[in-house]
Each structure stands twice: as structure tokens, then as C-alpha cells.
Visitor: 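The structure under discussion is supplied below as C-alpha cells; questions concerning it will follow.
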Amino acid sequence: MRLRSCCVYGAGVLCILLLIAGIVMALTQVFEKLLNNRIKEQVVLENGTEAFSVWQDPPPPVYMQFYFFNLTNPAEVLDGDKPFVQQIGPYTYREYRPKEEVKFMDNGTRVAAVNPKTYVFEPKMSRGSEDDVVRTVNIPAVTAMEKYKDTFLIARIISDLMKAKGISLFGTFRVGDLLWGYEDPLLQELKRATIVQDDHFGLFYKKNGTDDGNYTFFTGKQKYQDFARIDEWNGQSTLNWWSTEGCNMINGTDGASFHPIIKKTEKLYIFSSDLCRSIYAQFESEVRVQGVPGFRFVPPSEVFANLTINPDNAGFCVPAGNCLGSGLLNVSVCKEGAPIIMSSPHFYQADEKFVQDVFGMNPNKEEHETVIDVNPLTGMLLRGAKRVQVNVYLHQMPEFSQTGKIQTLVFPVMYLNESVVIDEESAQKLYKVVTEANVIVNIPFIVISVGILLGVIFIVFMCRQQRPPSTEAEREPLLSS
């Protein structure tokens with residue numbers, strides 16, 4: 001009887017101790033901090049780590065899809081009507097992007113690398129072939145006209161050459177040529193006249209099998225938030241295309257990796273050499289990709305808003321003070337003077353005016369928004385889609401009769417969807433890591449649960465002990481034989 005009482009009171013004492021210990025551990029987040037410290041130590045760009053292996057050669061397949069806008073009424077557009085375009089594609093390419101020439105510096109706190117990208121056409125994932133023909137704006141001609149419209153003699157030469165060779169503001173091109181390059185007849189003549197140096201043009205000319213410059217990244221060894229963050233691009237820590245210090249900043253990673261322990265309240269910064277600037281994304285919702293939990297981040301409309309909505313974007317007005325509407329970015333300063341305007345596909349999140357200026361624009365969030373799904377514990381990319389549209393600024397130029405009576409407009413040429421989804425093997429590895437982490441983080445609550453269970457057992461036994469013993473009369477049977 002005494003042993004039983006000792007066991008009961010021992011359970012009660014243990015219950016109290018477990019409850020106190022569990023509550024203290026839950027409030028101080030001791031196991032969560034231990035887990036986070038372990039993750040911070042492991043997610044570092046260092047030879048032999050899983051993080052370095054994934055950063056150097058990401059295992060999930062990356063696909064680049066191109067969609068073109070085929071112009072159906074070129075004559076009417078030159079006469080002042082709105083353009084009518086039809087979307088064709090996608091033309092899908094498998095993208096290979098390993099980092100090469102990797103070199104660690106400054107005691108392993110920084111690492112230099114280049115990121116060559118190679119594109120291989122995937123016919124089974126495409127709707128059409130590279131031999132398809134698309135009618136769109138003649139970008140080399142428009143670039144030459146825009147660049148030399150204020151130089152009378154050269155403008156006259158360009159205009160006469162276009163007339164002699166029957167070159168119009170619009171033309172038909174092979175999809176493969178328009179992407180990867182072709183010998184342009186106008187540029188050929190201008191090269192002979194030493195007005196230009198290259199007679200080839202392509203939206204991705206010299207970008208297949210090549211890199212976009214030399215990068216220097218932080219490894220995250222000193223500060224976990226600096227994991228894979230870009231320190232320098234082509235030897236410079238800032239850009240020089242824009243008119244304000246803030247707009248010229250190189251912020252964030254290259255979009256392939258992010259630091260661990262991501263919070264919903266923070267912004268994820270990405271530097272894009274295609275856009276010639278840094279952008280950021282904010283938390284939108286919780287998601288699951290192949291069973292792995294993640295946070296979805298998307299760029300808010302303020303990223304490409306005009307200066308009346310976002311004054312920080314004043315530096316992107318080029319020339320200074322020449323601001324476009326919301327949703328557009330003039331990148332002519334970093335595209336050798338070509339009148340290239342970047343936007344989201346179908347002018348998603350842009351001023352309604354740009355949508356209405358072109359028949360065939362149907363912006364929607366699901367297909368045209370850039371999204372980043374990351375696992376918040378490790379910072380590993382679960383799913384991503386970079387969606388960007390290439391447009392050309394068109395307007396009448398008195399020096400060139402080829403522009404006719406065209407309205408001033410931003411003409412859509414094509415848009416790309418660069419997407420990736422974590423592969424099954426990587427997802428399984430990550431799922432195990434996340435499951436183990438959940439167990440570790442929930443240890444205090446497991447301790448509290450055990451304490452509560454012991455408390456229930458203690459109460460039950462105490463109630464049974466305190467019940468008065470039965471008398472001899474109560475123990476006698478109700479019916480005697």
C-alpha cells in the first residue's frame with residue numbers, strides 16, 4: 001500500500017516537473033533555436049555541403065518557354081489602327097545552368113563563379129517548331145531609326161537603304177532566328193558603312209552556351225542571411241545605368257537559392273541581369289510542393305509602379321524625368337540603345353492603357369505572375385516561374401516615312417516563362433529534413449503532453465485512494481441462500 005502511494009505521488013511530482021519543463025522550453029524556443037543554429041551552420045557555400053552541391057549544379061530541370069505575338073494587321077497599324085496580335089507557342093527549351101570557374105576567396109566568406117546557360121529545344125513540350133514564322137516588329141530597323149533619328153545624314157542613309165531593300169517597320173522571321181540570331185540585311189549595309197559593328201540580331205543572340213558575367217557571392221559563413229547573396233557583378237558592387245543610388249543597388253541572390261530560416265515578414269531580393277536591376281518579392285501564401293511545405297513570394301505591383309505610386313522608382317525613368325506608366329521598365333540604357341520595354345506578360349499589373357492599346361492582351365494572375373515557392377527552413381527553391389515580356393516602343397518619326405501614321409504604343413514581341421519544380425528525389429530528402437525538424441521543434445509540446453497524461457493518471461489514482469472503504473454489511477450479498 002505504501003509503495004502504491006509512493007508511485008502515485010511520484011507521478012504527481014513528475015507531472016508538475018514535466019509541465020514546467022515543457023512550458024519553459026516552449027516559451028524560450030530552446031529546441032527551435034538549436035535547430036536553426038544547426039541549419040545555419042549546414043547551409044553554407046562550402047565544398048562538401050549539400051547546399052554547395054545544389055547551388056553549383058541544381059538537380060531540378062529548368063525549362064524556358066517562349067511565347068510570341070503574331071501581328072495580323074501590319075498595314076492597318078501603319079495607318080493608325082490598333083495592332084491585333086495572336087499568341088503562338090510555347091517553344092520550350094531545357095535549360096542547363098551549372099556554375100563554373102568556382103573559386104573561394106577571403107577565407108571562404110566569398111565565392112566567385114560564372115553561370116553559363118545552355119538551351120536545348122524540346123519538341124515534345126512545344127507547340128510548333130523553330131521553323132515557324134512570326135510577323136512582328138523589325139527590331140534592328142527600329143533600333144537604328146531610334147538611335148540615329150537626330151543625325152540627319154545617317155538617318156537619310158538608313159531610310160534610303162530600307163526603301164531600296166524593301167524593309168518595313170514589320171517583318172516575318174523564323175522563331176529560331178528571332179531567338180538565337182540571324183544576319184540582318186539592314187545591319188549588313190550599316191556594317192559596310194561602319195555605322196554598326198555587328199550585322200547579326202537575335203533576342204538571345206550570343207546567349208546560348210554563354211554566361212551573363214562574373215559573379216561574386218557571399219557564402220553565408222559569417223552571416224546566414226548572406227547565403228548566396230551577390231556581392232559583385234562584373235567586378236562592380238553597384239550598377240551605373242540608373243539615376244539614383246537605390247535603383248543602382250545590386251540586391252539579393254540570382255534567384256536560384258535563398259538563405260535559410262525565411263520569415264513571412266521579410267522581402268526576398270533578386271538581381272536579374274535580364275532586367276538590368278534588382279527586384280523583390282513579398283510573402284503571399286503557404287503552399288505545398290510534392291508534400292514539402294513552402295512559402296509563396298511574389299513581386300508586388302509597387303516593384304514596377306511609376307514614381308507617383310512608388311517614388312523610389314524615380315531612378316528608373318530614363319532619360320531622367322521621362323517616366324513610363326506603371327508596370328513597365330525602359331531598359332534601352334542597358335540594351336545598346338534598343339527601344340526595349342520590359343513588363344509582365346500581357347501587361348499584367350500594368351496601366352490599363354497598355355492592355356487596351358493592343359488587341360489580344362488578356363492578363364491574368366495565374367499565367368502571367370512571377371512566383372517563388374521556397375521552403376522556409378532551408379531556403380531551398382521548391383517551385384519558381386520568372387515571367388517577363390519583351391516589348392518595343394513605337395512612335396512616328398518624321399525622318400522615316402516607314403513609320404507611317406502609327407500610334408505611339410508599346411508593342412509586345414514575346415514573353416518568356418522560365419520555370420522549375422523540385423525533382424522527386426530532392427523533395428524526398430527535403431521532406432525527411434522537414435519532418436525531423438518538426439519533431440525536434442515539437443519536443444516541448446510532447447513533454448507537456450506526457451506531463452498532462454501523468455497528471456490525469458495521478459488524479460485518477462488519488463480519487464480511488466480517497467474513496468472510503470466498504471463496511472462488512474455492504475460487502476454482504478443482497479440475497480442469501
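Worth knowing before you read on, the calculation uses all heavy atoms, side chains too, and leaves out hydrogens, waters and symmetry mates. Not measured: the values here are computed from a predicted model.
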Visitor: Around Arg127, counting heavy atoms of other residues, nucleotides and ligands shown, do more than 12 lie under 6.0 Å from its CZ?
Guide: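 Count not over threshold, so no.
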Visitor: With side chains defined as the heavy atoms from C-beta onward, is the minimum distance between Ser53 and Trp55 less than 4.5 Å?
Guide: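 Of all side-chain heavy-atom pairs linking Trp55 with Ser53, none is under 4.5 Å.
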Visitor: Minimum heavy-atom separation for Glu122 to Arg94, with atom names?
Guide: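 In this case the closest contact between Glu122 and Arg94 is OE2-CB, 3.4 Å.
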Visitor: In the structure I gave you, are the side-chain heavy atoms of Leu381 and Ile372 within less than 4.5 Å of one another anywhere?
Guide: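 In short, these two side chains touch, coming nearer than 4.5 Å.
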Visitor: Trp180 and Tyr93: ring pair (Phe, Tyr, Trp, His ring centres under 6.0 Å), yes or no, with the steps?
Guide: CA-CA 12 Å; Trp180 310 114; Tyr93 294 79; 5.3 Å; yes
Visitor: Stepwise, does the ring pair (Phe, Tyr, Trp, His ring centres under 6.0 Å) test hold for Phe173 with Tyr182?
Guide: CA-CA 9 Å; Phe173 309 90; Tyr182 64 94; 5.7 Å; yes
Visitor: Aromatic contact between Phe204 and Phe66, with the criterion being ring centroids under 6.0 Å apart: yes or no?
Guide: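 Yes, they do, as the ring centres are separated by less than 6.0 Å.
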Visitor: Yes or no on ring pair (Phe, Tyr, Trp, His ring centres under 6.0 Å) for Phe69 and His346, after CA distance, side-chain angles and deciding distance?
Guide: CA-CA 10 Å; Phe69 296 106; His346 287 251; 5.2 Å; yes
Visitor: Is it true that Tyr415 and His368 have ring centroids separated by less than 6.0 Å?
Guide: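 Yes: the rings meet the under 6.0 Å criterion.
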Visitor: Spell out, as yes or no, whether a donor-acceptor pair under 3.5 Å connects the side chain of Thr253 to the backbone of Ala228.
Guide: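 No; zero donor-acceptor contacts below 3.5 Å.
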Visitor: Ignoring hydrogens and geometry, is there a side-chain-to-backbone donor-acceptor pair from Asn310 to Asp312 under 3.5 Å?
Guide: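 Such a contact is found between Asn310 side chain and Asp312 backbone.
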Visitor: Taking atom types as modelled, is there a side-chain donor on Asp212 or Ser273 under 3.5 Å from an acceptor on the other?
Guide: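 Distance-only check passes for Asp212 and Ser273.
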Visitor: Write down the atom of Asn330, the atom of Ile340, and the distance for their closest heavy-atom approach.
Guide: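 In terms of heavy atoms, the two residues are closest at OD1-O, 3.6 Å.
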Visitor: Under a 4.5 Å cut-off applied to non-hydrogen side-chain atoms, are Val331 and Ile341 in contact?
Guide: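 Result no, sub-4.5 Å side-chain heavy-atom pair not found.
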Visitor: Got more than 12 heavy atoms from elsewhere within 6.0 Å of OH, Tyr431?
Guide: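 Open: at most 12 neighbouring heavy atoms sit under 6.0 Å from OH of Tyr431.
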Visitor: Examine distances only and state if a side-chain atom of Asn313 and a backbone atom of Glu302 form a donor-acceptor pair shorter than 3.5 Å.
Guide: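 The answer is yes, because a donor-acceptor pair under 3.5 Å joins these two groups.
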Visitor: Does atom CZ of Phe359 have more than 12 heavy-atom neighbours, drawn from other residues, nucleotides or ligands, at distances under 6.0 Å?
Guide: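 Check fails, neighbour count at 12 or below.
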Visitor: Would you say CD of Glu336 has more than 12 non-hydrogen atoms from neighbouring residues, nucleotides or ligands within 6.0 angstrom?
Guide: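 It does not: Glu336 CD has 12 such atoms or fewer within range.
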Visitor: Taking Phe52's backbone N and O only, do any of them form a donor-acceptor pair with Thr49's side chain (distance below 3.5 Å, no angle check)?
Guide: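 Such a contact is found between Thr49 side chain and Phe52 backbone.
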Visitor: Taking Pro260's backbone N and O only, do any of them form a donor-acceptor pair with Thr378's side chain (distance below 3.5 Å, no angle check)?
Guide: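 No.
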Visitor: Short question: side chain of Glu266, backbone of Lys263 - any donor-acceptor pair under 3.5 Å?
Guide: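 Answer holds: yes.
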Visitor: Spell out, as yes or no, whether a donor-acceptor pair under 3.5 Å connects the side chain of Thr370 to the backbone of Lys386.
Guide: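 No, because the side chain of Thr370 does not come within donor-acceptor range (under 3.5 Å) of the backbone of Lys386.
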Visitor: Could you tell me if the ring centre of Tyr215 sits under 6.0 Å from that of Phe217?
Guide: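 When the ring centroids of Tyr215 and Phe217 are compared, they turn out to be within the sub-6.0 Å range.
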Visitor: Any salt bridge linking Arg229 with Asp226? Criterion: basic side-chain nitrogen under 4.0 Å from a carboxylate oxygen.
Guide: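 Judged by the 4.0 Å cut-off on N to carboxylate O distance, Arg229 and Asp226 do form a salt bridge.
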Visitor: Apply salt bridge (charged side-chain N to carboxylate O under 4.0 Å, His left out) to the pair Lys206 and Asp198, showing each step before the final yes or no.
Guide: CA-CA 12 Å; Lys206 292 184 178 179; Asp198 198 338; 3.7 Å; yes
Visitor: Would you call Phe258 and Ile270 a side-chain contact if the rule is heavy atoms closer than 4.5 Å?
Guide: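 The answer is yes, as the side chains (C-beta and beyond) meet within the 4.5 Å cut-off.
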Visitor: Taking all non-hydrogen atoms of both residues into account, name the closest pair between Leu190 and Ala144 and its distance.
Guide: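 Minimum heavy-atom contact is CD1-CB, 4.1 Å.
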Visitor: With a cut-off of 6.0 Å (strictly less than), are more than 12 heavy atoms of other residues, nucleotides or ligands near NZ of Lys429?
Guide: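 It does not: Lys429 NZ has 12 such atoms or fewer within range.
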Visitor: Just so I know, are the side chains of Leu430 and Met380 near enough to count as touching, which here means a heavy-atom distance under 4.5 Å?
Guide: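 Sidechains of Met380 and Leu430: in contact.
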Visitor: Is the shortest side-chain N to carboxylate O distance from Asp132 to Arg174 below 4.0 Å?
Guide: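 No, this pair does not count.
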Visitor: Write down the atom of Gly315, the atom of Trp242, and the distance for their closest heavy-atom approach.
Guide: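 Nearest heavy atoms, Gly315 then Trp242: O-CB, 3.4 Å.
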Visitor: Any donor-acceptor pair under 3.5 Å linking the side-chain atoms of Asn391 with those of Gln389?
Guide: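 Yes.
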Visitor: Does a donor on one side chain sit under 3.5 Å from an acceptor on the other, for Ser272 and Asp274?
Guide: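 No, because no side-chain N or O of Ser272 sits under 3.5 Å from a partner of the opposite role on Asp274.
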Visitor: Within this structure, what is the CG-OH distance for the pair Leu324 and Tyr393, rounded to the nearest 0.5 Å?
Guide: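 So the CG of Leu324 and the OH of Tyr393 are separated by 7.5 Å.
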Visitor: Where do Tyr280 and Val303 land on the side chain to side chain contact (heavy atoms under 4.5 Å, CB included) test, with the steps shown first?
Guide: CA-CA 7 Å; Tyr280 66 87; Val303 170; 3.9 Å; yes
Visitor: His259 vs Lys223, test: side chain to side chain contact (heavy atoms under 4.5 Å, CB included). Steps then yes/no.
Guide: CA-CA 10 Å; His259 68 77; Lys223 187 179 178 183; over 6 Å; no
Visitor: Is a side-chain N or O of Asn115 found less than 3.5 angstrom from the main chain of Arg97, in a donor-acceptor match?
Guide: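 Such a contact is found between Asn115 side chain and Arg97 backbone.
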Visitor: Give a yes/no verdict on a cation-pi contact between Arg277 and Phe316, requiring under 6.0 Å between NZ or CZ and the six-membered ring centre and an angle within 45° of the axis.
Guide: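 Output yes; distance and angle both within limits.
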Visitor: Identify the heavy atoms of Leu78 and Thr403 that sit nearest to each other, and give their distance.
Guide: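 For Leu78 versus Thr403, the nearest heavy atoms are CD2-O, 4.0 Å.
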Visitor: Would Arg110 and Asp231 pass as an ion pair if we require N to O under 4.0 Å?
Guide: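 Here Arg110 pairs with Asp231 in a salt bridge, since their nearest N and O are under 4.0 Å apart.
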Visitor: Kindly determine whether Lys99 and Asp211 satisfy salt bridge (charged side-chain N to carboxylate O under 4.0 Å, His left out), including the steps that lead there.
Guide: CA-CA 9 Å; Lys99 290 184 173 64; Asp211 61 78; over 6 Å; no
Visitor: Can you confirm whether Asp177 sits close enough to Phe201 that some side-chain heavy atom of one is under 4.5 Å from a side-chain heavy atom of the other?
Guide: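 In short, these two side chains do not touch, never coming nearer than 4.5 Å.
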Visitor: Any chance the side chains of Asn107 and Thr109 put a donor and an acceptor closer than 3.5 Å?
Guide: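 The criterion, which ignores hydrogens and geometry beyond distance, is not satisfied for Thr109 and Asn107.
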Visitor: Quick check: do Phe297 and Ile262 have side-chain heavy atoms less than 4.5 Å from each other?
Guide: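 Side-chain contact under 4.5 Å: yes.
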Visitor: Would Asp81 and Lys405 pass as an ion pair if we require N to O under 4.0 Å?
Guide: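 Salt bridge absent between Asp81 and Lys405.
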Visitor: Rounded to the nearest 0.5 Å, how far apart are CD1 of Ile139 and NZ of Lys335?
Guide: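 Ile139 atom CD1 to Lys335 atom NZ measures 11.5 Å (nearest 0.5 Å).
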Visitor: Taking the six-membered ring for Trp, are Phe227 and Phe218 closer than 6.0 Å centroid to centroid?
Guide: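 Between Phe218 and Phe227, which both carry aromatic rings, the centre distance is not below 6.0 Å.
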Visitor: Side chain of Thr143, backbone of Ala338: donor and acceptor closer than 3.5 Å?
Guide: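 Answer holds: no.
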Visitor: In terms of side-chain heavy atoms, does Thr238 have a donor or acceptor partner in Asn248 at a distance below 3.5 Å?
Guide: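 Not at all, the side chains of Thr238 and Asn248 share no donor-acceptor pair under 3.5 Å.
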Visitor: May I ask you to say whether Glu286 pairs ionically with Lys264, meaning some side-chain N is under 4.0 Å from a carboxylate O?
Guide: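 Salt bridge between Glu286 and Lys264, a charged N being under 4.0 Å from a carboxylate O: yes.
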Visitor: Is the distance between the ring centroids of Phe411 and Phe170 under 6.0 Å?
Guide: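 Here the rings of Phe170 and Phe411 have centres that are less than 6.0 Å from each other.
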Visitor: Between Glu232 and Gln236, is there a side-chain donor-acceptor contact under 3.5 Å, judged purely by atom types and distance?
Guide: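 No pair is found: no donor N or O on one side chain lies under 3.5 Å from an acceptor on the other.
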Visitor: Keeping Glu95 on the side-chain end and Thr118 on the backbone end, is there a donor-acceptor pair under 3.5 Å?
Guide: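 A pair under 3.5 Å: no.
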Visitor: Work out which heavy atom in Arg135 is nearest to a heavy atom in Thr172; give both atom names and the distance.
Guide: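 Taking Arg135 first and Thr172 second, the nearest heavy atoms are CB-CG2, 4.0 Å.
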Visitor: Between Leu203 and Met414, is there a side-chain heavy-atom distance shorter than 4.5 Å?
Guide: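 Result yes, sub-4.5 Å side-chain heavy-atom pair found.
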Visitor: For Gln222, is the CD atom crowded, meaning more than 12 foreign heavy atoms sit under 6.0 Å from it?
Guide: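 Incorrect, the count does not exceed 12.
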Visitor: Decide side chain to side chain contact (heavy atoms under 4.5 Å, CB included) for Tyr148 and Ile195; before the verdict, give the C-alpha distance in whole Å, the side-chain angles of both, and the deciding distance to 0.1 Å.
Guide: CA-CA 10 Å; Tyr148 296 107; Ile195 295 174; 3.6 Å; yes
